[in-house]
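Per chain, numbering begins at 1; letters A, B, ... match sequence-line order.
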Amino acid sequence: YTGTSWRQVYQAFTSFNGTNEHVIIKDVRLPRALVATVVGASLAAAGALMQALTKNPLASPGIFGINAGAGFFIVAGSFFLHIQSPQALVWSSFLGAAFTAAIVYAAGSLGREGLTPIKLTLAGAAMAAMFSSLTQGLLSVNELELAQVLFWLTGSVQGRSLDLLMTMFPYAAAALVICFFLGQKINLLVMGEDVAKGLGQKTGLLKFVMALCVVMLAGSAVAIAGPISFIGIIIPHFARFVVGNDYRWVLPFSAVLGAILLVCADIGARYIIMPQEVPVGVMTAIIGMPVFVYIARRGAKL
Amino acid sequence: MKLRFGVTAAEKKAWIVFLVLLGLTAAVLIISAGLGQRFIPPWDVAKTFFGAGSKLDELMIMSFRMPRILTALCAGVCLAAAGAILQGLVRNPLASPDIIGITGGAAVAVVLLMMFFSDRSSSLTISLSWLPAAAFIGASAVGLIVYLLAYKNGASTFRLVLIGIGFSMSAQAMTTLLMIKGPIYRASQANVYITGSVYGSNWQHVKIAIILSVILLFICFVALKNMNIQVLGEDIAAGAGSAVQRNRFFLLLLSTALTGCAVSVAGTIGFVGLMAPHIARRLVGSSYGALLPASALIGALLVLTADIVGRTLFAPVEVPAGVFTAAIGAPYFIYLLYKTRNS
């Protein structure tokens, strides 16, 4: 731990002089804060998109197993194929996210009633359970790897290099921009598929693009910070509480609020058991749990 | 629901299925006892059980392999029975102790105990018999909290499942937190434990588990009548004079205790509580008198088989049994969603 003043923070950028404090700020704390910002924004936006797409207030990358799926593909990739490069990491994460999303969506939309919230949630929970237990299985075969991956597995923004962030940033940014522009169309879709179709919308295409955005957002977030849960659920609800149901506003608000929450959670994670650290995923789980229960109790309407 | 007049065809079928399952379990048990670094033919294993085997076989089987096999058996039986009760209780065929977070709660409690009561050499400083107690407390704490939080003009099954899923996720986060805080050796041990493994169990463990599970199963059979009424739904059950909410609470507690018992010896072996009752329902129908024993046996079969695969497939490296149950269980779960798509 190193004490730094606001002045030093400012000076680290304007007149970098190589002192310990400046190096810490630039190389340790700044990347961490940036990572938290991007990951928080991605996860929250992915959550908002999923909630609109599935009309399920509990939809989120964490609950639907997308995070766990991406995580498993990354661990399996580095285990079997010895993937090391950040590029390959990001792509295996996308692959995992897409694979899980497809299965959960297909399984959840079976049957006459179509997408019921409970079916989707159950399918997601099952996939999440399977992937996390497969990941743990891989890790228990290889004890050495466990120490390195364990911290990452709950979700952590610590010790990520800016390089890794730069690798995934284009994907996340592209997806964010695309989904901001979709706001108007999503508003129609939320009113009901029939209404949207009646107004001449290509709902199939829209849904596909939304799903693609979700996969890119969640996949890149997991690739860099591991599966961080609950942000995707609670933030869209906050956003909706603040700006109402208009998705043109909900999506950007979710992204910003998600970034704020994750950066705050990270600060909390660093201070709560000094000098050790809690992975930030644990912090979000602690913060998110009560909100989740509240949403679940309030009932399944969006 | 069939009324009982003498021995019906359904009952006869249930008995046959029960006996076949019993035979199968015994067979798998014997094969499992024979497999390992030194293969012992099934016939010799059987002889050893009756005290007529060679000294080496006896040592091998009785002190190394039996504890583990019995642990698997116990865990399977308890998890399956817990799942069967829970499914009837929630009246959702997709509920199981691991999905609604009870298993997670038990795991948190056990890891907590392992972390706080271990000394520098990473051995436990307190008696092993505290583990089931901790698991039970953890499981019932989560079970109770989930139940209370889902309670709003009666506990709706929908909320029960949703809130349970939320809890199982945060339980996972908690166990990881504890593992990170603890020493690394403990962490890898705890990791194996959480994935669900019967590796390294000893007689001390097993004795506690067997005694507990026998007691709990006995209570289950006493509570059978209650189950059958509960399955019919809140209104009918209330109409039939059953104190619905109280019975529901009692059954939830029973299911929790069974889960705690299984988790304390074998960790969180996932999806057994989900699969076993379904397979059993296929075989014997949905009257709990037949369903409960059948699913208990199927649960035992599942865990025993998963254990055999886990320790032979990548030998000498052991893969926790829970990995295999999850690998079969999740696709099966999706299949169930597909099957029940119109109900």
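With chain B as partner, the option from A/Ala126, A/Ala285, A/Gly124 having the largest number of non-hydrogen pairs under 4.5 angstrom is A/Ala126.
Contact of A/Phe230 with chain B is made through the side chain alone, with heavy-atom distances under 4.5 Å. Proximity to chain A (any heavy atom under 4.5 Å) is restricted, for B/Phe271, to the side chain, taken from C-beta onward.
For the atom pair CD1 of A/Ile74 and CG of A/Leu95, the computed distance is 11.0 Å after rounding to the nearest 0.5 Å.
For A/Ile103, the side chain to side chain contact (heavy atoms under 4.5 Å, CB included) test picks out A/Phe99, A/Met127, B/Ile334, with sequence neighbours left out. Looking at residues two or more places apart in sequence or on another chain, you find a side chain to side chain contact (heavy atoms under 4.5 Å, CB included) between B/Ala109 and B/Ala134.
Of the residues listed (B/Thr325, B/Leu274, B/Leu302, B/Thr259), the one engaging B/Leu79 in a side chain to side chain contact (heavy atoms under 4.5 Å, CB included) is B/Thr259, and it is the only one.
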